[in-house]
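Below is one structure; the comments refer to it alone.
Here is the naming used below: chain letters follow the sequence lines, and residue numbers restart at 1 for every chain. Because the structure is predicted, anything quoted here is derived from the model rather than measured.
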There are 2 protein chains.
Amino acid sequence: MEIKTAMTSRQDLFDTLAQVGKALGSGHRLVLLERIAQSEASVEALASAADLTVGNASAHLQHLRRAGLVTATRSGKQMLYRLTDQRIVTLMSLLREVAETNLAEMERLVSRLFANDNFDGALEAISRDELLAGLKAGSVALLDVRSEDEFEAGHLPEAINIPLAQLESMLEELPKDREIVAYCRGPYCVLSHEAAQLLRKLGYQVRRFDEGFPEWKAAGLPIH
Amino acid sequence: MEIKTAMTSRQDLFDTLAQVGKALGSGHRLVLLERIAQSEASVEALASAADLTVGNASAHLQHLRRAGLVTATRSGKQMLYRLTDQRIVTLMSLLREVAETNLAEMERLVSRLFANDNFDGALEAISRDELLAGLKAGSVALLDVRSEDEFEAGHLPEAINIPLAQLESMLEELPKDREIVAYCRGPYCVLSHEAAQLLRKLGYQVRRFDEGFPEWKAAGLPIH
DNA sequence: CTAACATTCTAATGATTGTTAGAATAAAAT
DNA sequence: ATTTTATTCTAACAATCATTAGAATGTTAG
């Protein structure tokens, strides 16, 4: 009898832990989390980022909320969702690493996502350590190609912001004397990739950062 | 059209990533993983550890396998399952930390699991850093209260193994001159807790380690 | 070759989850 | 007060998942 209650409370504990796992067990929710990690955002903004109906997005957000991954506060008519905890970014990075290491399909999907990268490896990514070294040496300029509100909510130091859609018409903003490093939301965000491709076609020295703003912030590096 | 294919391959990628999340989204699978993290084990052993029928355990193990978290090799009539990757232990630790930080219910469940700890805080746990310091100073003796085969498959350096069930009849094995630190499978394993309680009742100087063997190993610390 | 054993597969069941459309709620603007 | 806007809730349905019992597969021992 004693043993049985011990067993069930142990199982209850793992079931509760599993709630957090379950929250990470939906592609739609992972996309929502990736977007929330950039900046707090309204249900409508999140629904559009994840390509969901508002009702459905709201339901997924409740799910994330029950799992303790996000919190919501009201601001006027809107509810703004944010991550409860920077460790959630680390959790997602680790999930990604484990998946990339152990699931053969991931490799195929990643290369399909970045499929138009057919410029003989020129669009190779730059790692966090290389980027830090380049920034210290003053040899690279940072370009943030996310939307303005994501940029406003936080960005890498010294970065300039040109959302991808406006890039071609705002080339004069770019420095000519340094290599440009473009970044965006994270490893599976295509914005920096497309920016790098466009700029390279136009003759710029450019690479993309292989992570994004949330990973930089979660690593405790300085932000603005 | 181009955008649509980009969108779907992006969604496919997150869906595949979500497979790993889903694998972590079941209490039964988390219990299986905790046990597998101790040592490779047969389906029957795993089923019994998680209190499942063999068929059901097998189905869950297939699920974990498809998610890339475990691999299986045949040894005679048995299939032996093991973790693909030490990072999975880290992933579970992070899951636990996030859950404990952000889910109020976790606290209640943890304290219920260790409910008979009513010895005025005497059974307080010792952290990894304190343990390392104590080992270096030679002031603590390590006691592994897991089963023999888990111990054989790997244990903390200098630890002696007395499975909990035999502890009371093997007290002469314990050193009298040092504080004893008991450990077992991990933070949610009750074995070390019950051992510490028993020994304390018998007058020993004893605490429990607040993690377990898998976390120690995943941290890259030396094992035997 | 046959028997015994460990595991996986299959089919059927109930339980849980994802999704949509539309009603209900809550705050802000007219 | 009424309307508009943003979000959540409800009910319903389809899809997926967990579980069991039993058949099928593969391996070892006699």
Side-chain angles (χ1 to χ4, degrees), chain A residues 7-8 11-12 14-33 35-36 39-67 69-82 149, chain B residues 7-8 11-12 14-33 35-36 39-67 69-82 149:
Chain A
M7 289 294 266
T8 55
Q11 191 58 58
D12 287 352
F14 279 95
D15 286 346
T16 303
L17 199 51
Q19 277 194 5
V20 183
K22 261 188 205 134
L24 301 172
S26 144
H28 286 154
R29 283 194 292 270
L30 291 177
V31 172
L32 288 169
L33 284 173
R35 176 60 188 80
I36 296 172
S39 71
E40 59 177 20
S42 67
V43 176
E44 195 170 29
L46 292 169
S48 129
D51 201 23
L52 299 172
T53 63
V54 171
N56 193 11
S58 176
H60 280 299
L61 290 166
Q62 301 310 314
H63 197 144
L64 290 170
R65 191 141 73 150
R66 264 176 272 123
L69 299 184
V70 305
T71 48
T73 51
R74 184 173 279 280
S75 160
K77 300 188 229 188
Q78 308 191 106
M79 292 298 282
L80 296 181
Y81 281 84
R82 87 198 77 235
D149 43 309
Chain B
M7 289 293 266
T8 55
Q11 192 57 58
D12 287 351
F14 278 95
D15 286 346
T16 304
L17 199 51
Q19 277 194 5
V20 183
K22 262 189 204 133
L24 300 172
S26 145
H28 286 154
R29 283 194 292 271
L30 291 177
V31 173
L32 288 169
L33 284 172
R35 176 60 187 81
I36 296 172
S39 70
E40 60 176 19
S42 67
V43 176
E44 196 170 29
L46 293 169
S48 129
D51 202 22
L52 299 173
T53 63
V54 171
N56 193 11
S58 176
H60 280 298
L61 290 166
Q62 303 309 315
H63 197 144
L64 290 171
R65 191 141 74 151
R66 264 177 271 122
L69 299 184
V70 305
T71 49
T73 52
R74 184 174 278 281
S75 160
K77 299 189 228 188
Q78 307 191 107
M79 292 297 283
L80 296 181
Y81 281 83
R82 88 196 76 231
D149 43 309

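Here the side chain of Ser42(B) is nearest to one of dG18(C), dT7(C), dT8(D), namely dT7(C). Checking dT17(C), dT8(D), dT20(D) against the side-chain heavy atoms of Lys22(A) singles out dT17(C) as nearest. Here dT7(C) is the nucleotide among dT19(D), dT7(C), dG18(C) with the atom lying nearest to any side-chain atom of Val43(B). Side-chain proximity of Lys77(B) to the nucleotides dC5(C), dT8(C), dT7(D) is greatest for dC5(C). Considering only the side chain of Gln78(B), dT7(C) comes nearest among dT7(C), dT19(D), dA27(C).
One can place NE2 of His63(B) at 15 Å from P of dT8(C), the figure rounded to the nearest angstrom. The distance from atom CG of Asp51(A) to atom C1' of dT19(C) is 14 Å, rounded to the nearest whole Å. dT17(C) atom C1' lies 14 Å from atom CD of Gln19(A), rounded to whole Å. Between Leu24(B) atom CG and dC17(D) atom P there is a gap of 15 Å when expressed in whole angstrom units. Taking atom CG of residue Leu80(A) and atom C1' of nucleotide dT7(D), one finds them 12 Å apart after rounding to whole Å. One interatomic measurement links the two molecules: CE of Met79(A) to C1' of dT7(D), which rounds to 8 Å at whole-angstrom precision. Between Leu32(B) atom CG and dT19(D) atom C1' the separation is 14 Å, expressed in whole Å. Atom CZ of Arg66(B) and atom C1' of dT16(D) are 12 Å apart (whole Å).
Asp15(A) and Gln19(A) share no donor-acceptor pair across their side chains, judged by distance under 3.5 Å alone.
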Decide yes or no on side chain to side chain contact (heavy atoms under 4.5 Å, CB included) for Leu33(A) and Val70(A), but give the supporting numbers first. CA-CA 8 Å; Leu33(A) 284 173; Val70(A) 305; 3.9 Å; yes
List the steps, then state whether side chain to side chain contact (heavy atoms under 4.5 Å, CB included) holds for Leu64(B) with His60(B). CA-CA 6 Å; Leu64(B) 290 171; His60(B) 280 298; 5.6 Å; no
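Taking only side-chain nitrogens and oxygens, Tyr81(A) never comes nearer than 4.0 Å to OP1 or OP2 of dA6(D). Contact between the side-chain N/O atoms of Asn56(A) and the OP1/OP2 oxygens of dG18(C) is not found at any separation under 4.0 Å. At the phosphate of dA6(C), neither OP1 nor OP2 sits under 4.0 Å from any side-chain N or O atom of Arg74(B). Side-chain nitrogen and oxygen atoms of Ser58(B) include none within less than 4.0 Å of the OP1 or OP2 phosphate oxygen of dT7(C). Side-chain nitrogen and oxygen atoms of His60(A) include at least one within less than 4.0 Å of the OP1 or OP2 phosphate oxygen of dT19(C).
The distance from atom CE of Met79(B) to atom OG of Ser58(B), rounded to the nearest 0.5 Å, is 9.0 Å. Here the CD-CG distance, from Gln11(A) to Asp51(B), works out to 8.0 Å after rounding to the nearest 0.5 Å.
The 5' end of DNA chain C is approached more closely, in terms of each residue's nearest nucleotide, by Leu52(A) than by the other of Leu52(A) and Ser75(A).
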